Amino acid sequence: MTDGTDRPNSPQPDPAPGSGGYGFPPQTPNPYQSGPAQGPAGGGFGPPPAQPEEPFHSPVTAPMASPSTPDWQAMADATEAQQRKRRRLTIGIGALALVLVAGGAGFFVLNGSDDDPKDPPAVAASDSPSASGGPTSKGPDGTKNPEDDSPTVPGEPNLLRDRNGKMGIALGPGASLGELANRTEVRFKGAADSYAQGAEAAVDVTKSFTVSTRAYNVSESGPRMAVSQGDGDSYSFELGFEVVGGKKAWVFRVQTGDKGQAATAQQVVADNVDTTRQWALLTGTYDAEKKTIALWVDDKQAGQAQVSGVWAGPGPLQLGRARHHGIWSASWMGPLDHIRIFDQALGQEQITGLKNNKLGKTKPTHSWLI
């Protein structure tokens, strides 16, 4: 029995005078004592009657609690109370976790992808590696191997993986990769050490070719070259941003004579479109048969120019810079991705397919960050 405060194992008080004993009201016969004699008036256990004493039989169905017996009911009540407290605590923690998860999801939806606020917006989910025309391989269970989607060479985190050829592009100290929700881009900060360089020339400029990249320019002044090829005295070709005649413009320029003389450079420009803080697919083509170069912005041709040919200067493919008069300059500022080289001059239908990542049977000879 408890004393009203649910404290188990509390010693029972002695019965008060005049009470009926342990748990019995006054003047109530004690069922555990035989015979009419119930002790002195006021109840309690009196002296035994003057007759043969019968043996004491303790009822099995109602044992009397002893002062030294634990109060099991009180202990059970305390345990149940603790369990209820734990359940309430668990439910509270679960509800808090749901609120935090819901709040985090709302924050993600409101703020978009994991791009830095200064970074350009992420591309649509349709810009997937499978749309690039690059190779894909599957394991024995039919799933794609993890390296199929890797933008870099396995074990070489600073070497861009060529998805259609065998030429990696090494990042310079000031260039970095940006991992976004569904793509990877290479970022340049407009400094001399911010570039990436191939192991060799990726384009045979004596033949027809196409060079293309998605570009995001954050600079208001130029020149800023996204892709070029050449070393020594000059570039063979360059594709990027320039201020031409006081206007900001996209430009595709080739060198037709050696030594990088300005008089032997030919270019096509697009100065009637936005060139800063806007993603643009820049594509330059050279048709060796027709001796013409052309510049495309997205899938619109900005113009074309007649050339005598393209000077095959020495040196590898470059990202984020170009060779001018024997020095590196025109450092790119912003990210690039979807860099592709073709050994043919693409036409309108192919350029539209390039923009929509539906190249069909047209395959690049080299591609990076697709």
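These numbers come from a predicted model, not from an experiment. Just so you know, residue 1 is the first one in the sequence shown, and it goes up from there.
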Axial cation check for W328 ring with R323, 6.0 Å and 45° limits: yes
Plane angle bin for W279 and Y216 - parallel if under 30°, tilted between 30 and 60°, otherwise perpendicular: tilted
Value rounded to 0.5 Å, distance of CG in L369 from CZ in R161: 11.0 Å
Side-chain heavy atoms of M167 within contact of L317, under 4.5 Å: yes
Heavy-atom closest pair, residues G240 and W332: CA-CZ3, 4.2 Å
Result of checking H324, R321, R224 against S329 for side chain to side chain donor-acceptor pair (under 3.5 Å): H324
D298 bridged to K355 by N-O distance under 4.0 Å: no
Co-membership, hydrophobic cluster, residues V243 and L239, 4.5 Å side-chain: yes
Stepwise side chain to side chain contact (heavy atoms under 4.5 Å, CB included) test for T213 and R340: CA-CA 6 Å; T213 184; R340 288 173 277 204; over 6 Å; no
Beyond-backbone contact of L180 with E185, side-chain heavy atoms, under 4.5 angstrom: yes
Beyond-backbone contact of T362 with Q344, side-chain heavy atoms, under 4.5 angstrom: yes
Atom of A294, atom of Q301 and distance for their closest heavy-atom approach: CB-NE2, 3.9 Å
For the student: nearest non-hydrogen atoms of L295 and W250, plus distance: CD2-O, 3.5 Å
V186 and L171, any side-chain heavy atoms less than 4.5 Å apart: yes
Donor-acceptor contact below 3.5 Å, side chain Q229 vs main chain V203: yes
Minimal non-hydrogen separation, G315 against D231, with atom names: CA-CB, 3.5 Å
Heavy-atom side-chain proximity of L319 to L160 below 4.5 angstrom: yes
Heavy-atom donor-acceptor pair, T365 side chain to I341 backbone, under 3.5 Å: yes
Check: N217/S219 side-chain N/O donor and acceptor closer than 3.5 Å: no
Neighbour count above 12 (heavy atom, 6.0 Å) for Q306 CD: yes
Partner of T210 under side-chain contact (heavy atoms from CB on, under 4.5 Å), chosen from W296, F342, Y286: F342
Minimum-distance pair of heavy atoms, taken over all atoms of S331 and A191: OG-O, 3.3 Å
Main-chain N/O of T276 paired to D274 side chain as donor or acceptor, under 3.5 Å: no
Backbone of V211 reached by a side-chain donor or acceptor of T283 within 3.5 Å: no
Check: S208 side chain, A345 main-chain N or O, donor-acceptor pair, under 3.5 Å: no
Candidate pair N158 and T152, rule side chain to side chain contact (heavy atoms under 4.5 Å, CB included), full reasoning: CA-CA 7 Å; N158 292 320; T152 58; over 6 Å; no
Salt bridge (charged side-chain N to carboxylate O under 4.0 Å, His left out), paired with E242, selected from K248, R253, K247: R253
Whether S194 side chain and G174 backbone form a donor-acceptor pair below 3.5 Å: yes
Q348 (side chain) donor-acceptor with D299 (main chain) under 3.5 angstrom: yes
Side chain proximity check, P316 to Q318, heavy atoms < 4.5 angstrom: yes
Side-chain donor or acceptor of T184 paired with backbone N/O of E179 under 3.5 Å: no
For D337 against R183, the heavy-atom pair lying closest together: OD2-NH1, 2.9 Å
Main-chain N/O of H325 paired to D233 side chain as donor or acceptor, under 3.5 Å: no
Hydrophobic cluster identity match, V269 and V254, side-chain contacts under 4.5 Å: no
Parallel, tilted or perpendicular: ring planes of F237 versus F209, cut at 30 and 60 degrees: tilted
Pairwise side-chain contact, T256 with T264, heavy-atom cut-off 4.5 Å (strictly under): yes
Non-hydrogen side-chain atoms of H366 and I339 separated by less than 4.5 Å: no
Distance, nearest 0.5 Å, that separates OG of S234 from CD1 of I327: 11.5 Å
Side-chain donor/acceptor of W311 to backbone N/O of A265, under 3.5 Å: no
Between CD on residue Q267 and CD1 on residue I293, distance to nearest 0.5 Å: 8.0 Å
